[in-house]
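A quick write-up on the structure given underneath.
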Amino acid sequence: MPALVSLVIPVKGGPGAKSRLVGDAAERAALASAIALDTVEAARAASAVGELVVVGGLPERLQGVRVVDDPGGGLLAAVDAGLAVLDPDLPAAVLLGDLPALQPDELSRALAAADGHDRAFVPDAEGTGTTLIVARAGVPHVARFGAASAARHRGEGYVELELPPLSGLRRDIDTREQLEAAASLVLGARTRALLSRTA
C-alpha cells in the first residue's frame, strides 16, 4: 500500500486575490476564500493525504490542517516554505488552492498513480498550466508554477498523469470563464453558496 502523501496548498487571500474575476475587491476576496476552503476541505478528506500544510491564511480554522506563514515573494516562495516543514521521508505534493470542484477520490487516485514515478504532475484543463505536482520520498521537487508550467514541469522530469478534462482536479479558477466552466461540475459547498447569492 503506498505511503500517505504530505500535501502543501499555497493560499493567497486578501483584496488582491483573484484579480481577474469580476466584482469588486471584497467580492473577489470572499470568492477566493470560499474556493480555498473548499479546496482544502476536499484535500483533507482524501484518503491518500497524510499531513496537510496550508501556506498563507485561511478565514476559518480547519481541524487537521497545519497553517504556516506565507514568506512573501510569490507562489514559488510559498511552495518552498510549505515543503520545508514536511517530513523528507514521505512523498510530498503541492496542490493549487483554487480548485473548488475538487473531489477527494480523484485526488487520491492521482496521488496513487503518481506513486509509480519519481516526479509526476497534473495539467490544468487548458493543458498549459499545472494544478498538482508529486514527488516520491527522497526526490526533491523542482516547482515551476507560473506561465506555461506544464511544459516546464515536463522539462524537469515530471511525468504527466492523465485525467479527463472535466476532472475537478484540473479545473483551477483564475477567470470568470473558468469559473463558469467549473460550475457545470459539483462545486464545493462554500463556493456554490456564494455563487447562488450573487447570481
Can you check whether Phe145 and His153 have ring centres sitting under 6.0 Å from each other?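 Ring centres of His153 and Phe145 closer than 6.0 Å.
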[X] bridged to [Y] by N-O distance under 4.0 Å:
| X | Y | result |
| --- | --- | --- |
| Glu160 | Arg154 | yes |
| Asp118 | Arg136 | yes |
| Glu126 | Arg171 | no |

Closest heavy-atom contact between [X] and [Y]?
| X | Y | answer |
| --- | --- | --- |
| Leu107 | Ala46 | CD2-CB, 3.9 Å |
| Thr131 | Leu169 | OG1-O, 2.7 Å |
| Leu163 | Ser167 | CD2-OG, 3.5 Å |
| Leu99 | Gly168 | CD2-O, 3.7 Å |

For Val54, the option from Val8, Val65, Val68 that meets side chain to side chain contact (heavy atoms under 4.5 Å, CB included):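 It is Val65; the other options fail the test.
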Test salt bridge (charged side-chain N to carboxylate O under 4.0 Å, His left out) on Glu156 and Arg119 and set out the steps. CA-CA 9 Å; Glu156 295 292 350; Arg119 295 188 180 114; 5.6 Å; no
Heavy-atom side-chain contact between Arg28 and Ser33 under 4.5 Å: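 No; the side chains remain at least 4.5 Å from each other.
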Less than 4.5 Å apart, side chain to side chain, heavy atoms only: is that true for Leu52 and Val40?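 Heavy-atom side-chain distance check passes, below 4.5 Å.
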